[in-house]
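Encoded as structure tokens, the structure appears first; notes follow it.
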Amino acid sequence: MNILIVEVNWLGDVLFSTPAIKVLRKQFPDSRISCLIVPRVKEVLENNPYIDELIINDEEGLHKGFFGRLKLVKALKSKNFDLAVFFHRSFSRALIAYLAGIPRRLGYATWKRRFLLTEAIPMPKKDSLHRVDHYLNIVKPLGCAVDDRQYEFFLSQEDERFAEDFWNKEGLKKDDWTVCLNPGGNWGPKRWPKENFASLADRLIREYQAKIIFSGSKDDILLIKEITRMMEQKEFSVSAGYTNLKAAGAIFKKANLTISGDSGPLHIAASVGATVLALFGPTSPAITGPIGSGRIALMHKPLECRVPCYDAACNDNRCMREIKVEDVLAEVKKLEEDAHRNEVYAAEKKLL
């Protein structure tokens, strides 16, 4: 079977969909699986062994406008897909698949596009499922087992070498206890206060002799400069702005701990098996909490506010301010003690 997956548009959501891709491959091991993606999420799915081809939907360039969409229809039609699986809820993308002559079209039955689907799945109640389960639920009617919820982000040897080079350039040693702090987020209310990050970094350096790495995108550089200006300690590293998603993932994997709000980098860290401490405020861990093979700790202070809250204009940010530096340090201590116990156990087991 020749299968087209119509992907979603955001980094975190694409990561959440990777378990569904994996179980789809297991169910149809001899099929060809392609993913239709927007350019900004390409790195998330690169090197994924369960995917045969990434097809770029260049909505701002080649496929922009009416005639651009016709080009995409023509390109998809030439590939003779047997089945389209819609992770995206878009009407226009369902229409494109219909016009491309894909005979089976499976996805959630949103009211606008129900008639474009040959296999319509009842839409779950909003915020009733973790995003991983939201996508697994789509492929379940195809006979896929949906018990594997681990999302994945695949690194290359080049990515791993980048992290090694970064360690060498920054003078970091193998035995250093390294902590990545990711202060950014795609909207303000999900961010922990910058003064808290500054205080946390200072105390991690003083009390744990930690080596701090500030991570993020180019958009986070100004925020990181504001945080580091508040710090008393001035020895730290900054990877923000110098890394792509793959290189950032390699740095998270090599570090001892990553501390972040609910963001794409948090989920990349979880997906590569890193130890993460996730700080949640307006979003719900039950819906977008990290799922990884490494140790994961969550901090969330329930308030009278409705959660999840999608008020990007909220100026109160009390849900994040309620998480105190002392609270985070207490969780860090638990994670560090757990890591030490695991190291001792591994060493004793090796001697036996």
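If you're wondering where the values come from, they're calculated on a predicted model, not measured in any experiment.
- Here Ala286 pairs with Ser284 under the side-chain contact (heavy atoms from CB on, under 4.5 Å) rule; sequence neighbours left out.
- Comment: Glu331 engages Lys334 in a salt bridge, judged by a side-chain N to carboxylate O separation of less than 4.0 angstrom.
- For the pair Glu170 and Lys211, the minimum side-chain heavy-atom distance is 4.5 Å or more.
- The residues Arg203 and Glu326 are annotated as salt-bridged, a charged nitrogen and a carboxylate oxygen being separated by less than 4.0 angstrom.
- By the neighbour-count criterion of 12 heavy atoms within 6.0 Å, atom OH of Tyr208 is densely surrounded, having more than that number from other residues, nucleotides or ligands.
- Between Gln150 and Ser293, the side chains place no donor N or O within less than 3.5 Å of an acceptor N or O (distance only, hydrogens not considered).
- Between Leu129 and Ile287, the shortest heavy-atom distance links the atoms O-CG2, 3.8 Å.
- Using a distance-only test at 3.5 Å, with no hydrogens or angles considered, a donor-acceptor pair links the side chain of Trp192 to the main chain of Ile323.
- Between His267 and Tyr151, the two ring planes are perpendicular [angle over 60°; tilted spans 30° to 60°].
- In summary, Arg104 and Asp82 do not engage in a salt bridge, as defined by a charged side-chain N under 4.0 Å from a carboxylate O.
- A salt bridge links Glu232 to Arg206: one of the charged nitrogens lies within less than 4.0 Å of a carboxylate oxygen.
- Using bins of under 30°, 30° to 60° and over 60° for the plane-to-plane angle, the ring pair His130/Phe16 lands in the perpendicular bin.
- Scanning both residues, Leu303 and Cys319, for their nearest heavy atoms gives CD1-CA, 3.5 Å.
- Under the 4.5 Å side-chain heavy-atom criterion for grouping Ile, Leu, Val, Met, Phe, Trp and Tyr, Leu181 is connected to Leu223 within one hydrophobic cluster.
- Electrostatic pairing of Lys64 and Asp58 does not count as a salt bridge here, judged by no charged N lying under 4.0 Å from a carboxylate O.
- Residues Tyr135 and Leu83 fall within the same hydrophobic cluster, defined by Ile, Leu, Val, Met, Phe, Trp and Tyr side chains chained together at heavy-atom separations under 4.5 Å.
- For the 3.5 Å distance criterion, the side chains of Asn182 and Ser263 qualify, holding a donor opposite an acceptor.
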Set out, in order, the CA-CA distance, both residues' side-chain angles and the distance that settles side chain to side chain contact (heavy atoms under 4.5 Å, CB included) for Glu53 and Arg32, then state yes or no.
CA-CA 8 Å; Glu53 182 184 13; Arg32 179 174 176 81; 3.2 Å; yes
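- Taken together through direct or relayed side-chain contacts under 4.5 Å among Ile, Leu, Val, Met, Phe, Trp and Tyr, Phe214 and Val328 form part of one hydrophobic cluster.
- Residues Arg69 and Ser92 share a closest heavy-atom pair of NH1-CB, 3.6 Å.
- The main-chain N or O of Val8 is never found under 3.5 Å from a side-chain atom of Asp13 such that the two would form a donor-acceptor pair.
- Tyr108 meets the ring pair (Phe, Tyr, Trp, His ring centres under 6.0 Å) test with His134; sequence neighbours excluded.
- With salt bridges taken as basic N to acidic carboxylate O contacts below 4.0 Å, none links Lys246 and Glu43.
- With hydrophobic clusters built from ILVMFWY side chains whose heavy atoms lie under 4.5 angstrom apart, Ile227 shares a cluster with Val179.
- Arg105 has no carboxylate O lying under 4.0 Å from a charged side-chain N of Glu119, or vice versa, which leaves the two without a salt bridge.
- Judged purely by distance below 3.5 Å, without hydrogens or angles, the side chains of Asp159 and Ser156 pair a donor atom with an acceptor atom.
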